[in-house]
Amino acid sequence: MLDIKLIRENPEFVKQGIANKNEKDRVDELLQLDKQRRDFIARADELKSKRNTVSQQVGQMKKSGQDATEIIAEMKRVGDEIAEYDNKLRSTEEEIDTILRYIPNLPHSSVPVGKTAEENIEVKRWLPDGFKFENDFKQIDHVELGKKLNILDFERGAKISGSGFPLYKGKGATLERSLINFMLDYHLQNHNYSEIFPPFLVNKESMRGTGQLPKMEEDMYHIEKDGLYPIPTAEVPVTNIHRDEILSEKDLPVKYVGYSACFRREAGSYGKESKGFLRVHQFNKVEMVKFVKPETSYDELELLVKDAEDILQALNIPYRILMLCTGDLSFSAAKCYDIETWSPAENKWLEASSCSNFEDFQARRSGIRFRNEQTKKPEFVHTLNGSGLATSRLMVSLLENYQTPEGKVIVPKILHKYTGFNVIE
RNA sequence: GGAGAGGUGGGUGAGUGGCUGAAACCAACGGUUUGCUAAACCGUCGUACUGUGUAAAGCGGUACCGAGGGUUCGAAUCCCUCCCUCUCCGCCA
């Protein structure tokens, strides 16, 4: 959520930012309502003030045995008037809130302006030693490979749950679990995060806090009976850990890493890119979340990307980093880097991580603050998160890049101690 | 699922209609004292909105004692609904 004061004071700046995100703005309407709101507040407060003083007098009069009937009658009328203004105020505030919650975060000034993913900028490419895009043999894709090696079973996954619910078997299951453990351990040991194992179902307030609701409602699973949502990412529960809290400045930055299963409806995206792991309803992800002081958040974003990169370098998987343009940024993000790993069989890059700075957008929505030691005042923290990483796309790149001409898959060396085997055949 | 207890400021915890935005204690912060540390003593110490300041500070107003309604001239305090936590019993992983 944006600060209404920012909008009030810099409406043109805000409109431009929204336009750059390809969204329509309702800023003028909002400012109109804002004005109305303050007017109602002024009137209601004045009357309340009157009521408070007079009510005290009534108390004293009664104590000293005087007759207060007339004053009481008048205050009753004042009370009715107050109620009227309060009602108007409430509906105005509801309108404001609705508009405000649909306004996206503004892009940071360093983000390139652009309409679509075409205009994202590749800022880095990392390839393992001796890597070639054109290999000596034709790699088969992960679906076929998984079937041949009997480690992935998308058909049976579909039988059990529906398409997009992968079933891992045997060494495939072990490899998946090993990847998760490796990534968690790596971040804990080398990047100084503390581990969280969050709930996978969250309430509405949590979904609102991180910005999934109300805009993305269609993309979320929803358990109506209990009012709970299966999480689309661990970002939701982990960021909400500190909802409505005031952290102390000396504890910042707070850095969490946690594993969760992630659930996404992916409404309307059938057909395209939906083969195997490319688009699934349930996947596994290790997520990093940071709560930081505002002035450090862009440095922290770079470090976050570096933390995710380290995993890929340790696994020796080719990747590139994109800086997303304004039009491709998500609703809550001010700046975002995507990390894409190479898939030889698909002959393209696959998004395996997304590292974003939300500045104070989520913090304002969910009331996450810290006490500034200088001013002693609470301020909103900046929140960031990044996948470190999602296993589904990573698994595609891993299986394909590590396959041999004979159709075996070599297990990356760093995973051996987790898997207990070195090859899948 | 059944029965009961309870939700007050950073924490503990008082407070059953006006003198309570809220005692007391702890923590925190500032200071005095001190060779240093500790102790002791003094002081400060909620948040949001809003008005007035060029702005910071300040000052004024309003609201907030789990949430939302209600009663009343006036509600932390009385009534209703909901949420949450805890204890006991039952069931179950």
Side-chain angles (χ1 to χ4, degrees), chain A residues 1-10 30-101 197 199-209 213 223-229 237 240-252 254 261 291 294 360 363-381:
Chain A
M1 188 156 58
L2 294 183
D3 188 354
I4 183 86
K5 286 182 201 142
L6 175 77
I7 302 174
R8 207 183 280 157
E9 284 156 26
N10 309 286
L30 185 70
L31 291 177
Q32 186 68 29
L33 288 165
D34 180 53
K35 211 170 160 191
Q36 204 177 81
R37 168 177 172 269
R38 283 185 292 165
D39 185 49
F40 288 145
I41 287 175
R43 289 163 192 250
D45 279 4
E46 199 181 322
L47 292 172
K48 283 176 186 172
S49 176
K50 184 176 172 187
R51 180 177 66 182
N52 286 345
T53 36
V54 174
S55 287
Q56 288 214 348
Q57 284 169 18
V58 170
Q60 276 158 10
M61 287 170 80
K62 284 200 167 176
K63 209 174 271 178
S64 61
Q66 295 176 58
D67 177 44
T69 324
E70 216 164 288
I71 303 184
I72 287 174
E74 195 200 330
M75 281 308 104
K76 206 174 166 69
R77 283 196 297 275
V78 171
D80 291 343
E81 215 178 323
I82 289 172
E84 231 174 89
Y85 279 121
D86 274 348
N87 282 335
K88 285 183 187 170
L89 178 63
R90 190 182 321 147
S91 65
T92 303
E93 286 189 327
E94 273 167 20
E95 282 182 71
I96 289 174
D97 196 58
T98 306
I99 296 176
L100 217 45
R101 284 189 181 277
F197 204 129
F200 291 0
L201 302 181
V202 299
N203 57 31
K204 200 168 197 158
E205 287 67 43
S206 295
M207 290 293 259
R208 265 203 285 258
L213 292 181
I223 300 168
E224 243 165 89
K225 196 169 181 184
D226 300 287
L228 294 170
Y229 295 81
N240 275 282
I241 288 173
H242 294 300
R243 170 150 50 91
D244 293 323
E245 290 183 14
I246 300 176
L247 306 170
S248 74
E249 183 174 338
K250 62 178 188 296
D251 292 336
L252 300 179
V254 172
F291 304 83
D360 63 6
R364 177 170 288 108
R365 285 185 159 230
S366 39
I368 308 170
R369 295 177 291 175
F370 73 100
R371 194 170 294 280
N372 183 314
E373 278 176 9
Q374 297 268 303
T375 64
K376 310 276 187 244
K377 295 284 180 201
E379 288 176 30
F380 291 112
V381 298

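Below, chains carry the letters A, B, ... as their sequence lines are ordered, and counting in each starts from 1.
- Residues A:Lys50 and A:Met75 come closest through the heavy atom pair CE-CE, 4.3 Å.
- Contacts between residues 68-76 of chain A and RNA chain B, defined by a heavy-atom separation under 4.0 Å, are made by A:Ile72, A:Met75, A:Lys76.
- A donor-acceptor contact shorter than 3.5 Å links the side chain of A:Ser91 to the backbone of A:Lys88.
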Please list, pair by pair, any protein nitrogen or oxygen found under 3.5 Å from a nitrogen or oxygen in nucleotides 75-84 of chain B.
none

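- Looking at A:Asp86 and A:Lys48, a side-chain N of the basic residue comes within less than 4.0 Å of a carboxylate O on the acidic one, giving a salt bridge.
- Rounded to a whole angstrom, the distance from the P atom of B:rA76 to that of B:rA23 is 15 Å.
- Taking atom C1' on both B:rU77 and B:rU87, the two are 26 Å apart, rounded to the nearest angstrom.
- Spacing between atom NZ of A:Lys204 and atom C1' of B:rA67 amounts to 16 Å, rounded to whole angstrom units.
- In this structure, OH on A:Tyr85 lies 9.5 Å from CD on A:Glu46, to the nearest 0.5 angstrom.
- In this structure, the NZ atom of A:Lys376 is 14 Å from the P atom of B:rA57, given to the nearest Å.
- A salt bridge between A:Lys35 and A:Asp39 is absent, with no side-chain N of the basic residue lying under 4.0 Å from a carboxylate O of the acidic one.
- Rounded to the nearest Å, the gap between the C1' atom of B:rA67 and that of B:rA55 is 38 Å.
- Counting non-hydrogen atoms under 4.0 angstrom, A:Val54 reaches nothing in the nucleic acid.
- Distance CD (A:Gln56) to C1' (B:rC19): 8 Å, rounded to an integer number of Å.
- For A:Asp360, the salt bridge (charged side-chain N to carboxylate O under 4.0 Å, His left out) criterion is met by A:Arg364, not counting sequence neighbours.
- Looking at heavy-atom distances under 4.0 Å, A:Arg90 makes contact with sugar-phosphate atoms alone, never a base.
- Comparing B:rG58 with B:rG68, their C1' atoms sit 37 Å apart, to the nearest whole Å.
- Atom CG of A:Asp86 is separated from atom C1' of B:rG70 by 15 Å (rounded to the nearest Å).
- At whole-Å resolution of the value, CD in A:Glu245 and C1' in B:rU47 are 15 Å apart.
- Counting only distance, with no hydrogens or angles, the side chain of A:Glu379 and the backbone of A:Asn372 share no donor-acceptor pair below 3.5 Å.
- Salt-bridge check for A:Arg38 with A:Asp34: passed, with a basic side-chain N closer than 4.0 Å to an acidic carboxylate O.
- Judged by distance alone, the side chain of A:Ser49 and the main-chain N or O of A:Asp45 form no donor-acceptor pair under 3.5 Å.
- Straight-line distance between the P atoms of B:rG30 and B:rA38: roughly 13 Å, to the nearest whole Å.
- In this structure, CZ in A:Arg77 is found 9.5 Å from CG in A:Asp80, a value given to the nearest 0.5 Å.
- For A:Arg43 and B:rG61, the CZ to P distance is 21 Å, given to the nearest whole Å.
- The nearest whole Å value for the distance from the CG atom in A:Asp80 to the P atom in B:rU72 is 10 Å.
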Provide a list of protein-nucleic acid N or O atom pairs under 3.5 angstrom, restricted to nucleotides 48-50 of chain B.
unit_1, atom_1, unit_2, atom_2, d
B:rA48, OP1, A:Arg369, NH1, 2.9
B:rC49, O3', A:Arg37, NH2, 3.1
B:rC49, O2', A:Arg37, NH2, 3.0
B:rU50, OP1, A:Arg8, NH2, 3.1
B:rU50, OP1, A:Arg37, NH1, 3.0

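- In this structure B:rG51 sits in the anti conformation; its chi angle is more than 90° from 0.
- With rounding to the nearest 0.5 angstrom, the CD1 atom of A:Ile99 is 9.0 Å from the CD1 atom of A:Ile4.
- Counting only Watson-Crick or G-U wobble pairs whose defining distances are both under 3.5 Å, the stems of 3 or more consecutive pairs in RNA chain B are B:1-7 with B:83-89, B:10-12 with B:24-26, B:28-32 with B:40-44, B:46-52 with B:58-64, B:66-70 with B:78-82.
- For A:Lys48, the side-chain atoms get nearest to B:rU62 when compared with the rest of B:rC73, B:rU62, B:rC19.
- A:Gln66 has its CD atom 15 Å from the C1' atom of B:rC73, to the nearest Å.
- Residue A:Ser49 has no polar side-chain atom (N or O) positioned under 4.0 Å from OP1 or OP2 of B:rG61.
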Show which side-chain atoms of residues 199-207 of chain A pair as donor or acceptor with protein atoms under 3.5 Å away, not counting sequence neighbours.
unit_1, atom_1, unit_2, atom_2, d
A:Asn203, OD1, A:Glu205, N, 3.4
A:Asn203, OD1, A:Ser206, N, 3.1
A:Asn203, OD1, A:Ser206, OG, 3.1
A:Ser206, OG, A:Arg243, NH2, 2.9

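- Remark: the backbone N or O of A:Lys377 is not paired with any side-chain donor or acceptor of A:Arg371 at under 3.5 angstrom.
- The C1' atoms of B:rG9 and B:rG15 are separated by 14 Å, rounded to the nearest whole Å.
- Across B:rU81 and B:rA3, the matching P atoms stand 15 Å from one another, rounded to whole Å.
- A salt bridge links A:Asp97 to A:Arg101: one of the charged nitrogens lies within less than 4.0 Å of a carboxylate oxygen.
- For the P atom pair drawn from B:rC86 and B:rU71, the interatomic distance equals 35 Å after rounding to whole Å.
- Each of A:Glu46 and A:Arg371 has a nearest nucleotide on RNA chain B; the 5'-most of these lies closest to A:Arg371.
- Note on A:Arg37 versus A:Glu93: salt bridge recorded, some NZ/NE/NH1/NH2 to OD/OE distance being below 4.0 Å.
- Inspection of the A:Ser248 and A:Asp251 side chains reveals an N or O donor paired with an N or O acceptor under 3.5 Å.
- Phosphate proximity of B:rG74 to A:Asn52: absent, as no side-chain N or O sits under 4.0 Å from OP1 or OP2.
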